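Let me begin by presenting the structure, written as structure tokens, before commenting on it.
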Amino acid sequence: MRKPKVLFAASEVYPFAKTGGLADVGYSLPKALSDDFDVTVVMPLYLTVDRRKFAIEGPTDYFDVMLGSERRTVSVYESRYEGRHYLFVYEPQLCDRDYLYGAPGEGYDDNAQRFGLFSYAVTELARRMQSDIVHLNDWQTALAALIIAEDETIRARTVYTIHNLAYQGDFPKGALTELGIDKRHFTLEGVEFYDRVNLMKAGIGFADAVTTVSPTYAEEILTHRFGCGLEGYLEKHRTRLSGIANGIDTEHFSPQTDESLLRPYKTPRGKLSNKKRYLAEAGLEDAGLPLFIFIGRFTWQKGIDILLEALPQMALMPCNIAILGEGEPQYHPRFEAVAAAHPNVHLFFGYDEGVAHRMYAAADFLLMPSLFEPCGLNQMIAAHYGAVPIVHAVGGLADTVAPIARLQESPAPCGIPFDDATPEALMAAVETALELHHDTKAWSRAATHNMNADVSWGQSAAAYAALYRKISGGAVK
Ligand code: GLC
């Protein structure tokens with residue numbers, strides 16, 4: 001029997017282009033679905049994508065799309081990276097840029113046009129390929145849900161996944177004409193938002209199913225605190241909304257086979273030699289002390305302000321702290337000041353996959369004080385590498401990290417969740433962590449539980465498969 005055809009569209013996909021967790025999901029979810037579905041992944045062919053390294057060929061196809069009153073020619077490139085089918089859309093305005101969306105903390109002025117164009121290209125591909133399901137992600141592809149809903153010649157059903165409600169694709173109302181969106185959609189029910197055009201609303205309002213990346217975040221976004229102004233609109237569409245937690249690719253993130261590690265390992269005991277080696281690499285001392293790590297973008301969402309406030313006090317405790325990340329420039333000097341005053345704090349500005357993997361392998365604890373977190377992937381990676389996550393209990397962090405006291409009944413990793421987004425609550429959790437680390441048996445029980453906990457895509461991919469079947473009314477078997 002023919003496998004149903006899924007077109008998975010995202011503005012970034014690992015390893016071709018990545019700024020955040022969306023790219024990881026763009027790699028690992030299609031991979032997890034590929035036994036049951038004929039999945040094609042489509043993304044823009046940015047200037048920064050390495051065509052040679054990933055054997056990207058083409059153009060293999062051309063077509064025109066209308067962007068408002070302008071005709072644009074799009075060329076299509078292809079790759080069979082790791083045996084899966086990838087399509088890349090090329091058009092100069094969309095692709096020929098230094099950054100994907102703009103310099104850190106900024107967005108290009110013409111992003112509505114750029115990603116509107118990408119959405120039209122995705123729609124055209126869905127028509128040509130006769131896709132059964134088009135899976136759209138975040139605001140950059142949201143417009144495709146509206147276009148497909150309006151176009152009777154395209155039979156595909158659509159799933160729209162919100163990875164982060166804080167980025168909505170909100171533009172001046174001129175975007176309506178620029179993108180050729182019919183004026184009758186410029187209403188509260190449509191894409192209008194405070195007299196501007198909100199592309200996220202096209203995804204929420206017009207897709208056959210709307211998902212977000214954890215069950216708790218699906219509830220949270222219906223509230224004023226987490227809804228980013230869209231809580232009312234989401235409430236109206238709540239019967240089509242559900243939460244499916246992300247997993248991680250346990251082949252790529254496996255302490256047993258990880259090539260970045262000095263010694264791959266199967267049990268928490270194997271962490272020690274990796275810890276020693278990492279401490280030496282980072283210029284830190286004493287493998288007997290617990291090692292706390294933070295890995296992530298330096299943005300407001302990730303709770304960087306809370307972390308920065310707690311750090312000087314944490315650094316006075318018997319521990320080592322290693323931080324890897326980059327992001328909004330105002331944070332860098334503040335991190336540097338802490339590191340300059342405390343020799344047990346190590347900083348790595350930038351992103352290096354190998355260093356990150358060695359940090360997970362070395363770490364006893366991962367710090368994740370995010371103010372909100374749709375899912376979060378690092379807590380699952382850290383747990384899989386035998387570390388204990390310390391997390392602000394929101395969104396996906398609440399769903400994927402159980403308190404250590406519930407270790408026995410929880411299939412999820414365990415850790416130290418805290419309720420208030422304050423430096424005091426984080427410090428209290430760090431103190432609990434120090435006590436836990438002191439109790440060698442309890443620490444190793446927690447670390448062993450985490451290494452064995454299921455953080456793979458298994459269950460979640462099955463949930464997406466069930467959703468695909470549901471919205472296609474049996475057409476997708
Ligand atoms: C976004 C969210 C993060 C989520 C990721 C993948 O980056 O902020 O919580 O894990 O998307 O869905």
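Fair warning: this is a prediction, and the values are worked out from it, not measured in the lab. The figures that follow rest on heavy atoms only: side chains count, while hydrogens, waters and symmetry mates do not. Read the numbers this way: they start at 1 and go in the same order the structure lists the ligands and their atoms. In this chain, numbering begins with 1 at the start of the sequence shown.
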> Below 4.0 angstrom, N of the basic side chain to O of the carboxylate: do D305 and R334 qualify?
Replying inline: yes
>> I'd like to know if K31 and E251 make a salt bridge, using a cut-off of under 4.0 Å between side-chain N and carboxylate O.
In response: yes
>> Using a strict threshold of under 4.0 Å (side-chain N to carboxylate O), is an ion pair present between K302 and E373?
In response: yes
> Should the pair K3-D36 be classified as a salt bridge under the 4.0 Å nitrogen-to-oxygen rule?
Replying inline: no
> Do K18 and D24 sit within salt-bridge range, that is, some charged N less than 4.0 Å from a carboxylate O?
Replying inline: yes
If you look only at distance, which donor and acceptor atoms sit under 3.5 Å apart when one is on a side chain in residues 380-390 and the other is two or more places apart or in another chain?
from : atom 1 : to   : atom 2 : distance (Å)
Y385 : OH     : S254 : N      : 3.3
Y385 : OH     : D258 : OD2    : 2.5

> Got the residues with a heavy atom under 4.0 Å of ligand 1, by chain and number?
Replying inline: G21, L22, V25, H163, N164, V213, N246, R297, Q301, E373, P374, C375, G376, L377
